[in-house]
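Values below: all heavy atoms of this structure, side chains included; hydrogens, waters and symmetry mates excluded. Residue indices begin at 1 and follow the sequence shown.
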Amino acid sequence: MRSAQRTSGSPGSPPPVPSPARDPELLRDVVLVGLAGGIVGVSFGAISVAGGLPVWVPVVMSLVVYAGSAQFSAVGVLLAGGGPLAAAATGLLLNTRLAAFSLAVAGILGRGWPSRLLGAHLVTDETVAFALAQQDPARRRAAFWLSGCALFALWNMGVLAGALAGTALGDTAVYGLDAAFPAVLAALVLPALREDASLRRAALPGAALALAVTPVVPAGVPVLLALAGLLLHRGDARPEGRPA
């Protein structure tokens with residue numbers, strides 16, 4: 001009888017809080033983000049092989065580099081006749097933005113080197129936006145790791161499928177696959193923008209700058225320039241766990 005009472009809790013006690021990793025809404029969003037990544041991965045794999053690259057190139061690049069915009073740009077350089085060094089330099093330039101993103105999520109990766117190294121590999125535009133859209137540290141941590149693992153798995157599966165399909169898919173641009181990630185990112189960040197005026201002050205000028213320079217700079221560079229909006233951010237700088 002006492003054991004049953006300990007299990008069920010005392011009358012009037014609040015129900016146990018479910019783990020964020022089991023939150024149906026969070027899992028639904030993770031699935032949507034992962035599917036979007038897989039769809040764009042199919043496009044990347046098909047474009048690479050249709051342009052003349054062997055199947056192993058996009059597959060290995062996706063496993064080791066794992067950065068969508070950098071991969072598209074590097075493959076574009078290779079298919080245009082550029083050398084491997086030029087392709088690598090293009091990818092590194094586009095990925096410099098991830099240094100700032102990593103600082104934003106450093107506190108939720110964990111303290112051990114294994115978790116930090118793995119977490120650093122999973123830092124993308126999508127996982128950072130997904131994590132920062134959550135309201136508390138536990139949900140941010142769960143959102144980052146769940147979305148990061150789902151994106152990595154589905155992106156690489158999509159790339160492999162697209163590479164094996166090769167030219168059979170035809171021109172992937174006609175399917176509008178490149179719109180999948182922007183749509184998911186917009187859905188993730190809009191709630192945070194509605195609730196936080198300081199985020200709007202940073203995001204809107206950054207987005208306007210990115211749109212203005214898009215016609216005249218290489219793909220991926222507008223994202224870097226949009227980070228200038230961070231200079232206008234005046235968010236709450238209190239460390240996690242410190243009372244207000």
Side-chain angles (χ1 to χ4, degrees), residues 29-98 101 120-130 147-188 210-211 213-226:
D29 292 344
V30 165
V31 170
L32 291 176
V33 173
L35 288 177
I39 290 171
V40 180
V42 171
S43 176
F44 173 72
I47 289 172
S48 302
V49 173
L53 296 177
V55 170
W56 67 267
V57 171
V59 172
V60 172
M61 186 184 293
S62 295
L63 289 169
V64 177
V65 178
Y66 184 54
S69 61
Q71 290 180 226
F72 273 106
S73 298
V75 165
V77 171
L78 292 175
L79 297 182
L85 291 179
T90 301
L92 287 173
L93 173 64
L94 296 181
N95 273 357
T96 54
R97 72 189 188 281
L98 297 182
F101 294 169
H121 193 55
L122 298 180
V123 170
T124 64
D125 306 77
E126 296 76 29
T127 55
V128 172
F130 199 94
S147 63
C149 293
L151 266 171
F152 184 81
L154 290 172
W155 167 264
N156 283 282
M157 290 169 60
V159 170
L160 178 61
L164 292 176
T167 58
L169 294 177
D171 184 5
T172 57
V174 302
Y175 304 119
L177 299 181
D178 55 344
F181 266 169
V184 171
L185 282 175
L188 291 176
L211 289 174
V213 302
T214 293
V216 296
V217 298
V221 175
V223 178
L224 294 175
L225 297 178

Practice prompt. Output all residues satisfying side-chain contact (heavy atoms from CB on, under 4.5 Å) with Thr124, sequence neighbours left out; order by chain, then residue number.
Written response: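 Thr124: side-chain contact (heavy atoms from CB on, under 4.5 Å) contacts with Tyr66, Glu126, Thr127, Leu151.
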
Worksheet item: Who are the side-chain contact (heavy atoms from CB on, under 4.5 Å) partners of Ala67, not counting sequence neighbours?
Response: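 Ala67: side-chain contact (heavy atoms from CB on, under 4.5 Å) contacts with Val65, Ala70, Asn95.
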
Worksheet item: Looking at CE of Met61 and CH2 of Trp56, how far apart are the two atoms once the value is rounded to the nearest 0.5 Å?
Response: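 So the CE of Met61 and the CH2 of Trp56 are separated by 8.5 Å.
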
Worksheet item: Phe72: what forms a ring pair (Phe, Tyr, Trp, His ring centres under 6.0 Å) with it, not counting sequence neighbours?
Response: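 In terms of ring pair (Phe, Tyr, Trp, His ring centres under 6.0 Å), with neighbours along the sequence ignored, Phe72 is linked to Phe44.
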
For [X] and [Y], which heavy atoms make the closest approach, and how far apart are they?
X	Y	result
Gly148	Leu122	O-CD2, 3.7 Å
Trp155	Gly37	CE3-O, 3.3 Å
Ala150	Val30	CB-CG1, 3.7 Å
Pro58	Gln71	O-NE2, 4.4 Å

Fill in: 4.5 Å side-chain heavy-atom contact, Asn156 and Leu160
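No, their side chains stay 4.5 Å or more apart.
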
